[in-house]
Amino acid sequence: MTYKDLAELIFPSITKTPEDYENIYPERSLSEGAKVVRFAPSPTGFMHIGNMMSAVINYVLARGSKGIFYVRNEDTDQARTVEGALDFIHHTLKYYDIYPDEYEYNDKQAGNYGPYVQSERMEIYHAFVKHLISIGKAYPCFLTPEELTEIREYQTKSKKRIGIYGKYAKCRDITPEEAIKRIKAGEKFVIRFKSEGDFNKKFVFEDLVQGKIEFPENDLDVPIMKSGDLLPTYHFAHLVDDHLMRTTHVVRGQEWMSSVPLHYELFHAFGYKMPKYIHTSLILKKDEETGAIRKISKRKDPEALMFFYEEKGYPILAVIDAVMTIANSNYEEWRTNHPDTPFYEFPFSPKKMSPSGALFDLDKLDNISKNFISKMKAEDLYHDYLTWAKKYDEHIYDVISKYKDETIAFLNIERETKKPRKDYENYLAIFPKSWYMYDEEWDRELEYEFGKITDKEEIVIVMEEYLNNVYDSNDMQDEWFNKIKVLAEKLGYAGDMKEYRESPDNYKGNVADFTTIMRVVLTTKAMTPNLYDIMNILGKDKMFKRLEILKEKY
RNA sequence: GGCUCGUUGGUGAAAUGGUUAACACAUUGCCCUCUCAAGGCAACAUUCAUGGGUUCAAAUCCCAUACGAGUCACCA
C-alpha cells in the first residue's frame with residue numbers, strides 16, 4: 001500500500017488536483033503593477049480599529065494601483081463564530097465607502113475567484129491536502145489531546161522548544177499500511193504537514209514594512225486540517241486561497257510575523273510564489289488604571305470597536321484620515337498639501353509604516369475631525385447630522401427636522417470663512433452646543449451661566465431696553481455692535497475696553513459683561529458663537545420669549 | 001524558556017554619519033477680542049533606553065545589558 005492509497009481512503013470523492021484548480025483560477029490579467037489585495041476577517045468578533053486599518057490600507061493599495069480588492073470570509077472556526085459579526089463587517093465597509101470589488105455576502109457575490117467564504121471551499125482544500133498526502137508530504141496524526149498536552153508539558157519543564165517536531169512527531173513515520181488500518185478502525189486524526197525544514201538553518205524573508213528579517217527554518221509538523229469538521233487551519237487556507245485568488249500583497253497584523261517560516265515552507269512545498277507581505281503594527285493603548293502599554297482591547301476600550309465612531313457621529317472621512325495617519329507617517333503631511341484629494345490617491349508606501357505599535361490617540365482624531373467638519377458646507381453638515389440623528393437620536397432628529405433652516409443657519413455661523421470655527425468633533429457634540437436655539441428645549445432645568453452681572457432686575461432692564469428700543473434686524477454687524485456700545489454706556493457700562501481697563505471702578509462692567517447678559521438670557525450659556533448671528537436667527541419674538549422664561553425661572 | 005521585532009518629548013513621529021533633534025496633536029503663557037471658537041506669537045527632548053566600541057564626526061553603524069511587544073492551539 002502506498003501514500004496514494006492512504007490519500008484515496010481519506011478523500012475518496014475528491015477527483016480534482018491542484019493543477020486542475022490552477023486552470024480554473026488562472027493568473028489575473030491586470031495592468032502592470034496592479035495589486036491584488038484582500039481583507040480577510042474572521043467573523044469571530046466585531047470589526048475593530050485594527051481591522052479597519054487593514055481594510056483601509058488594502059483599499060488604498062488596490063485603488064492606487066488599479067488592482068483588485070476582495071473580501072474573504074475566514075469562517076473556519078465555526079465554534080467561535082459570533083452572531084452578527086459578519087453583518088457588521090459588511091455594514092462598516094459600506095458605511096465607510098470602501099466596499100470591495102469581489103466578495104460574497106448573503107445572496108450577493110462578485111468576482112470570478114470565489115467562493116469567497118472558506119467554509120464553501122472544502123473541496124478545494126481537500127484536493128490540496130490529498131495531493132500532499134499522496135506524495136508523502138502530509139500525514140494523518142493520531143495523537144490525542146491528552147498526549148499533546150503531555151508533550152507540551154514535558155517540553156516546558158525540560159526547557160525544550162515547544163511543538164511537534166523531530167522525535168515528538170510520533171506519527172510522522174507511520175507506514176501507509178498502519179495508517180490505513182488505524183483510520184479504518186475509527187481512530188481520530190488531524191492531517192499534519194511533514195516539515196522538511198531544519199531549525200538550525202536560516203533563511204531571509206523580506207517584509208515590506210520591516211525589511212529583511214532572518215528566520216530559522218520551520219521544522220514543526222503543523223496541523224493543516226482539523227479532525228472534526230475537516231476544515232483547514234488558517235495556515236493552510238492562507239496558502240491555498242491566496243495562491244488561487246492570485247493575491248499579490250497580504251496585509252495582516254504583526255501577530256502573524258512569527259508564522260512566516262511555516263508559510264514560507266508551505267508555499268515552497270507547492271512551488272508557488274509567495275505574495276508580498278505587509279505586517280502592520282499593532283494598535284496599542286495605555287491602560288488608564290495600570291498605566292501599562294498593551295494591545296488595544298475590545299472589552300476595555302470602547303474606541304477599539306468600530307461602533308464607537310459611528311455612534312458618536314464622526315465623519316467617515318475623518319475616521320479614515322485618522323486611521324491613515326497612524327498607518328503611514330507620510331500621510332499627515334500629504335493631507336495638508338492635498339486637502340481635497342481623495343484619500344485613496346495617497347501614494348502609500350509600506351516603508352513608511354511604523355514598525356512599532358502606536359498608541360491610538362483620540363485627541364488626534366478629534367482634531368482631525370474638527371478640522372474636517374469645519375470645512376463642510378452647512379447644508380452638507382446638516383444632512384449628515386440629520387442622517388446620524390435619524391439612527392441614533394430620535395429626539396434630535398425630530399427637532400432638527402422641524403427647524404431645518406434655523407439649524408443650517410446656526411451651523412453656518414462663522415463657517416465658510418478662511419478660518420472657520422472648529423466647534424464639533426462629531427455629530428453627537430452638536431446638540432449640546434445648540435439646543436438653546438430650539439423653543440421646545442427650554443422646558444428643561446435651566447442653568448444660567450451669568451458672569452459678573454447676576455442681579456435679576458438689572459438683567460431685565462438691560463434686555464427690555466435693548467429689545468424694545470435698540471435691536472433692529474436690518475442692522476449689519478458693525479452697526480449692531482455700535483448700538484450695543486451706545487446702550488451699554490447709557491446704562492453705566494464701559495463701551496470701550498481700554499477705558500474700562502484704566503478705571504474699572506467707574507463702571508458697572510464693560511461691553512463684554514454687557515453682552516454676556518444678553519447672551520445668557522438668550523442661550524443660558526456664557527460661551528456661544530457670534531451673538532449677532534444668534535439674534536438674527538432667533539428673531540425678536542423668540543428673544544422676548546426667552547426674556548419671559550428668564551423672569552419666570554431665574 | 002525558544003523565535004522575532006521594537007525602544008527619539010505627554011501622544012503620533014521626522015531625521016537613513018555632519019550646523020541650534022522637523023512637523024502635527026495635547027499642554028502652558030501672551031496678543032487679538034462682545035463670550036467662545038479660530039488666528040498670531042512663544043514655551044515645552046542640554047538630548048534620542050543604558051553601557052561600551054568604530055569614526056575627524058553617531059539618534060543614525062557594531063556589541064552587550066535593560067525594558068516593552070508579538071508568537072509558540074485541531075483560534076484566526
Side-chain angles (χ1 to χ4, degrees), chain A residues 40-45 74-77 79-80 141 143 145 148-149 152 155-163 188-192 199 205 207 209-210 213-216 220 222-235 237-238 252-261 279 281-282 284 286 292-295 325-326 329-330 332-333 335-336 352 354-368 370 374 413-414 417-423 433 449 451 480-481 484-485 488 497 510-516 518-520 523 525-532:
Chain A
S42 70
T44 52
E74 307 222 326
D75 62 342
T76 55
D77 188 355
R80 293 199 315 155
C141 171
L143 256 22
L148 254 15
T149 33
R152 195 178 322 118
Q155 288 169 333
T156 313
K157 224 191 305 171
S158 53
K159 298 191 174 172
K160 298 263 192 327
R161 267 169 56 230
I162 292 163
K188 286 219 158 136
F189 62 92
V190 296
I191 303 296
R192 304 190 97 104
F199 186 73
F205 168 82
D207 177 70
V209 179
Q210 322 255 350
I213 302 167
E214 207 179 54
F215 282 105
L220 266 30
V222 169
I224 56 177
M225 194 185 86
K226 304 182 228 174
S227 69
D229 50 21
L230 303 185
L231 249 17
T233 59
Y234 169 85
H235 308 290
H238 163 51
R252 49 149 64 149
Q254 225 180 25
E255 67 266 26
W256 291 110
M257 203 72 215
S258 53
S259 35
V260 160
H279 285 106
S281 54
L282 273 358
L284 306 172
K286 188 178 241 166
I293 306 286
R294 55 168 172 75
K295 210 163 139 185
T325 302
I326 307 178
S329 60
N330 278 0
E332 210 174 350
E333 193 188 348
R335 173 50 81 209
T336 46
K352 286 293 181 182
S354 171
S356 56
L359 295 189
F360 190 67
D361 188 357
L362 276 180
D363 280 335
K364 186 77 178 179
L365 198 222
D366 282 350
N367 177 266
I368 290 171
K370 274 183 181 175
S374 77
I413 296 175
E414 291 161 285
T417 61
K418 261 195 175 168
K419 285 149 189 175
R421 299 185 63 88
K422 298 180 185 177
D423 291 300
K433 292 180 180 172
E449 299 175 357
W480 167 86
F481 189 56
I484 284 178
K485 275 198 217 170
M497 291 298 277
N510 58 41
V511 213
D513 299 319
F514 190 77
T515 54
T516 297
M518 302 199 280
R519 188 187 308 279
V520 175
T523 70
K525 299 283 180 193
M527 297 177 284
T528 76
N530 196 349
L531 229 205
Y532 168 77

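When the nucleotides rU4(B), rA24(B), rA76(B) are ranked by their closest atom to the side chain of Lys364(A), rA24(B) comes out on top. Comparing rA15(B), rC25(B), rU4(B) by their closest approach to the side chain of Met257(A) singles out rU4(B). Taking every side-chain heavy atom of Phe215(A) into account, rC3(B) is the closest of rA26(B), rC3(B), rG70(B). Candidate nucleotides rG2(B), rC75(B), rC74(B) were compared by shortest atom distance to the side chain of Arg161(A), and rG2(B) ranks first. Considering only side-chain atoms of Ser329(A), the nucleotide from rA73(B), rA14(B), rU4(B) that sits closest is rA14(B). For Lys352(A), the listed nucleotide lying nearest its side chain is rA14(B); candidates were rA14(B), rC74(B), rA26(B). Closest contact between the side chain of Lys226(A) and the listed nucleotides rC5(B), rC75(B), rA26(B) involves rC75(B). Nearest nucleotide to the Arg152(A) side chain, out of rC3(B), rA26(B), rA73(B): rA73(B). Considering only side-chain atoms of Glu332(A), the nucleotide from rA14(B), rA24(B), rA76(B) that sits closest is rA24(B).
Residue contacts shown for Ser227(A) include a base, since a base heavy atom lies under 4.0 Å away. Using a 4.0 Å heavy-atom distance criterion, Gln155(A) is classed as making no nucleic acid contact. Within 4.0 Å (heavy atoms only), Ser259(A) reaches no atom of the nucleic acid at all.
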A correct 5'-to-3' footprint of nucleotides 34-43 of chain B, with B, S and - meaning base, sugar-phosphate only and no protein heavy atom under 4.0 Å, is BBBBSS----
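rU19(B) sits 15 Å from rA58(B) when the C1' atoms are compared, rounded to a whole Å. With P as the reference atom, rC48(B) and rG10(B) are 14 Å apart, rounded to whole Å. rU60(B) and rA64(B) are spaced 16 Å apart, taking the P atom of each and rounding to whole Å. Taking atom C1' in both rG6(B) and rA13(B), the straight-line distance is 15 Å, to the nearest Å. Rounded to the nearest Å, the gap between the C1' atom of rA69(B) and that of rC31(B) is 46 Å. rC61(B) and rG18(B) have their P atoms separated by 11 Å, given to the nearest Å.
Both Pro261(A) and Leu143(A) sit near RNA chain B, but only Pro261(A) has its closest nucleotide nearer the 5' end.
Within 6.0 Å of NZ in Lys226(A) there are more than 12 heavy atoms belonging to other residues, nucleotides or ligands.
Here the shortest heavy-atom pairing between Met225(A) and Val190(A) reads O-CB, 3.4 Å. Thr528(A) and Thr523(A) make their closest contact through CG2-OG1, 3.4 Å (heavy atoms, listed as atom of the first residue, atom of the second, distance). The heavy-atom pair separating Ser259(A) from His235(A) by the smallest distance is CB-CE1, 3.7 Å.
Per the geometry, CD belonging to Glu255(A) stands 17 Å off P belonging to rC5(B), to the nearest Å. Note: CG (Leu362(A)) to C1' (rU11(B)) measures 12 Å, nearest angstrom. Whole-Å rounding puts the Leu231(A) CG to rC74(B) C1' distance at 11 Å. Atom C1' of nucleotide rC3(B) and atom NZ of Lys159(A) are separated by 17 Å, given to the nearest angstrom. Residue Phe514(A) contributes atom CZ, which lies 18 Å from atom C1' of rU33(B) at whole-angstrom precision. Gln210(A) places its CD atom 14 Å from the C1' atom of rU7(B), with the value rounded to the nearest Å. When the C1' atom of rU71(B) is taken as reference, atom CZ of Arg252(A) falls 12 Å away, rounded to whole Å. Going from atom CD1 of Ile368(A) over to atom C1' of rA26(B) covers 13 Å, rounded to whole Å.
A donor-acceptor contact shorter than 3.5 Å is absent between the side chain of Glu449(A) and the backbone of Val520(A).
Looking at Lys352(A) and Glu333(A), no side-chain N of the basic residue comes within less than 4.0 Å of a carboxylate O on the acidic one, giving no salt bridge.
Figure legend. rU55(B) is base-paired to no nucleotide; pairs are counted as Watson-Crick or G-U wobble with both atom distances under 3.5 Å. The partner of rU4(B) is rA69(B), judged by Watson-Crick or G-U wobble contacts that both fall below 3.5 Å. Across all strands shown, rU50(B) is found opposite rA64(B) as a Watson-Crick or G-U wobble partner, with both distances under 3.5 Å. The partner of rG10(B) is rC25(B), by the rule that a Watson-Crick or G-U pair needs both atom distances under 3.5 Å.
Note that OG of Ser281(A) and CE of Met257(A) are 12.5 Å apart. Values are rounded to the nearest 0.5 Å.
Contact check, Ser258(A) against rC72(B): no side-chain N or O comes under 4.0 Å of OP1 or OP2.
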After noting the C-alpha distance and the side-chain angles of Val209(A) and His279(A), does the key distance pass the side chain to side chain contact (heavy atoms under 4.5 Å, CB included) rule?
CA-CA 6 Å; Val209(A) 179; His279(A) 285 106; 5.5 Å; no
| message | Under the criterion side chain to side chain contact (heavy atoms under 4.5 Å, CB included), I'd like the reasoning laid out for Arg335(A) against Thr325(A): C-alpha separation, chi angles, the key distance, then a yes or no. | response | CA-CA 9 Å; Arg335(A) 173 50 81 209; Thr325(A) 302; over 6 Å; no
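Using bins of under 30°, 30° to 60° and over 60° for the plane-to-plane angle, the ring pair Trp256(A)/Tyr234(A) lands in the parallel bin.
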